Amino acid sequence: MDAHEVNRMRAMLALFVADVFASVPRKDQRAKGNCYLRGLMLDGRRKSIQAMAARLPDGNEQNLQQFVNQSTWDPVPVQRRITERMLALINPTAWVIDDVSVPKDGRMSAGVAPQYCGALGKRANCQVAVSVHAATDTASCPLQWRLFLPKEWASDTMRRALTRIPAHVMHREKWRLALDMLDTLAGWGMTPPVVVADAAYGTNARLRAALADRSLAYMLAIRGDVIAHPFDAEPITPARNGPVGCWPQPRYRDPAPSVAALSGRLGQEAFTAVTWRHGSRGKLRSRFAAVRVRPAGKAVERPIKAAASAEQGWWDGILPDCWLLIEWPAEAEAPTDYWLSNLPADTSVTDLVRLAKVRWRIEHDYRELKHGLGLDHFEGRSWPGWHHHVTLVTAAHAFLTEQRLAPKVPAPHSPSTRSSTPSRTL
């Protein structure tokens, strides 16, 4: 960058901060926000407050520590303004539910506990945050974050007080945190085109039911042991045994097989090759089949039966149908991946595949957020400090995404590999 470009970028950042942080009441706090964003976007291996303050010409470690860890500014209006800007810019094809883990030492960081850590691929002492992202194949942005609070924190008054966890915040399962975020966004008038998630979320029948109850379309990965009846299976009502007693409930004649077993019955001829995008090494292509099935199991049947009984006094036993998408790569001996979707029955296989595969962009997000913008470099321990830091990291990511997508920026040769690179001289 030459001097003119540096000055232009500083001016663009000042305008961005003035808009996104307009809810922050004090001018000096907004100035600290500008400083913190520049620290996150500048080159440097560590993005802790101490390291950033040392690199910034106007960096003051004590001021930045106070701004992030002690200041009472509300991050929620900032998050909302970022979301409004990014949804208009990106025009996402899906919202993606995911989570990220950050290894931690000690017991005193908010929400830290021995639990599965995806960053290490094993159980370890870490924090876990659930997130919702807006995504297309060319751009994405986090919209909401929730720090997962393990059960042991619910009654640990000493640690809760020291980390300043609000009294109303208790343990909630990750899938419920995801729904909370979707409800928050819905309260702002924002609705996803389709909700996408990996098998850790999609296998949960209660999450699928909750999304359907909210009239939200979904494309959710599932494990192969999820059970479902074939589409053409029909329940039967057994004959009543004697003149007295309750009438038997309708039920399917055969137990529901797993989706892996259903897929094995299709045969390779049912699978067709689909290309869903161009990667850095050429076309991404595999073989897929899509069939209509009726997901089963007690977790599926109970709410359906209760709703039908409440509405009409009885249940006919017919389970709702949806898409089962199956991937069987040419080099594999059997199908490898499965998704369930409540998208309309006339949705094409190509569209199903593109939605199922859009999650790749979120992994791209996390690489930028963690390695480029210091998402996991926060060294504070408090609940408010963590939420301030992730909001500021999200703002930095949003600013860089806006600059990358601006018309003045030359179009990348490969949209799938171009990343938002922090400036050395901002």
Side-chain angles (χ1 to χ4, degrees), residues 87 90-99 130-144 174-175 178-179 181-182 185-186 190-228 231 259-260 262-263 271-272 274-277 284-295 300 319-329 335-365 416:
L87 288 181
I90 293 175
N91 189 23
T93 55
W95 290 6
V96 182
I97 298 169
D98 212 329
D99 54 57
V130 183
S131 55
V132 172
H133 304 244
T136 67
D137 278 339
T138 56
S140 56
C141 182
L143 304 178
Q144 283 275 288
K174 294 170 190 175
W175 68 273
L179 289 174
M181 288 185 278
L182 293 176
L185 291 161
M190 304 167 189
T191 305
V194 182
V195 176
V196 175
D198 64 16
Y201 293 91
T203 298
N204 190 317
R206 290 179 291 177
L207 173 63
R208 301 198 303 268
L211 293 174
D213 288 343
R214 289 163 171 77
S215 299
L216 297 178
Y218 60 74
M219 169 60 73
L220 303 174
I222 57 171
R223 296 195 308 264
D225 60 357
V226 170
I227 60 175
F231 174 75
V259 294
L262 278 176
S263 303
F271 290 78
T272 58
V274 176
T275 299
W276 62 90
R277 68 178 177 89
L284 297 181
R285 189 177 179 87
S286 187
R287 298 187 308 162
F288 296 88
V291 295
R292 303 293 289 183
V293 297
R294 302 183 186 275
V300 174
L319 291 167
D321 61 294
C322 68
W323 282 113
L324 169 63
L325 178 68
I326 310 146
E327 180 178 3
W328 190 344
T336 57
D337 296 286
Y338 312 89
W339 296 263
L340 289 178
S341 175
N342 64 347
L343 286 165
D346 59 355
T347 306
S348 70
V349 175
T350 301
D351 287 341
L352 292 173
V353 171
R354 286 173 179 167
L355 287 168
K357 294 293 186 176
V358 79
R359 278 195 66 255
W360 79 272
R361 186 73 210 186
I362 306 312
E363 301 304 324
H364 186 277
D365 259 4
S416 63

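Reckoned from all heavy atoms, side chains included, excluding hydrogens, waters and symmetry mates. Just so it is clear, the structure is predicted and the values come from calculations on it, not from any experiment.
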Minimum side-chain heavy-atom gap Thr136-Val358 below 4.5 Å | no
So, Ser140 side chain and Ile362 main chain: donor-acceptor pair closer than 3.5 Å or not?
-> no
Minimal non-hydrogen separation, Phe288 against Lys357, with atom names | CZ-CE, 3.9 Å
Answer yes or no: is there a side-chain heavy-atom contact under 4.5 Å between Leu340 and Val293?
-> yes
Just jot down the side-chain hydrogen bond (donor to acceptor under 3.5 Å, both in side chains) partners of Ser263, sequence neighbours excluded, or say none.
-> none
All heavy atoms of Ala94 vs all of Pro193, minimum pair found to be N-CG, 3.7 Å
Which atom names give the shortest non-hydrogen contact between Val349 and Ala290, and what distance separates them?
-> CG2-CB, 3.9 Å
All N/O donor-acceptor pairs, side-chain side in residues 211-220, below 3.5 Å, sequence neighbours left out:
residue : atom : partner : partner atom : Å
Arg214  : NE   : Asp183  : OD1          : 2.8
Arg214  : NH1  : Ala210  : O            : 3.1
Arg214  : NH2  : Asp183  : OD2          : 3.0

Check: Ser341 side chain, Cys322 main-chain N or O, donor-acceptor pair, under 3.5 Å = no
How far does CZ of Arg361 sit from SG of Cys141, to the nearest 0.5 angstrom?
-> 11.0 Å
Considering non-hydrogen atoms only, spot the tightest contact between Ala228 and Leu262 and give its length.
-> O-CD1, 3.4 Å
Residues at least two apart in sequence or cross-chain that pass ring pair (Phe, Tyr, Trp, His ring centres under 6.0 Å) with Trp328, listed by chain then number, are Phe271
Heavy atoms of Trp339 and Glu327 approach each other most closely as CH2-OE1, 3.6 Å
Measure the CG-NE2 distance between Asp137 and His364 for me, rounded to the nearest 0.5 Å.
-> 11.5 Å
Looking at residues at least two apart in the chain, or sitting in another chain, which of them share a side chain to side chain contact (heavy atoms under 4.5 Å, CB included) with Arg292?
-> Phe231, Asp321, Trp323, Ala345
Rounded distance (nearest 0.5 Å) linking atom CG of Leu343 with atom CG of Leu355 = 6.5 Å
Who are the side chain to side chain contact (heavy atoms under 4.5 Å, CB included) partners of Asp198, not counting sequence neighbours?
-> Asp98, Ala200, Tyr201, Arg359
Are side-chain heavy atoms of Arg208 and Asn342 found at a separation under 4.5 Å?
-> no
Please examine the side chains of Pro295 and Val226, heavy atoms only from C-beta on, and report whether any two atoms are closer than 4.5 Å.
-> no
With Ser348, which residues qualify under side chain to side chain contact (heavy atoms under 4.5 Å, CB included), at least two apart?
-> Thr350, Asp351
Spacing of Tyr338 atom OH and Thr203 atom OG1 [to the nearest 0.5 Å] = 12.0 Å
Going by heavy atoms in the side chains, are Met190 and Trp95 under 4.5 Å from each other?
-> yes
Is there side-chain contact between Leu207 and Leu179, with heavy atoms separated by less than 4.5 Å?
-> yes
Contact summary for Pro329 and Ser286, nearest pair of heavy atoms | CA-OG, 3.5 Å
Got Leu87 and Leu143 here, is their nearest side-chain heavy-atom distance under 4.5 Å?
-> yes
Drop me the distance from Ile222's CD1 to Asp337's CG, to the nearest 0.5 angstrom.
-> 10.5 Å
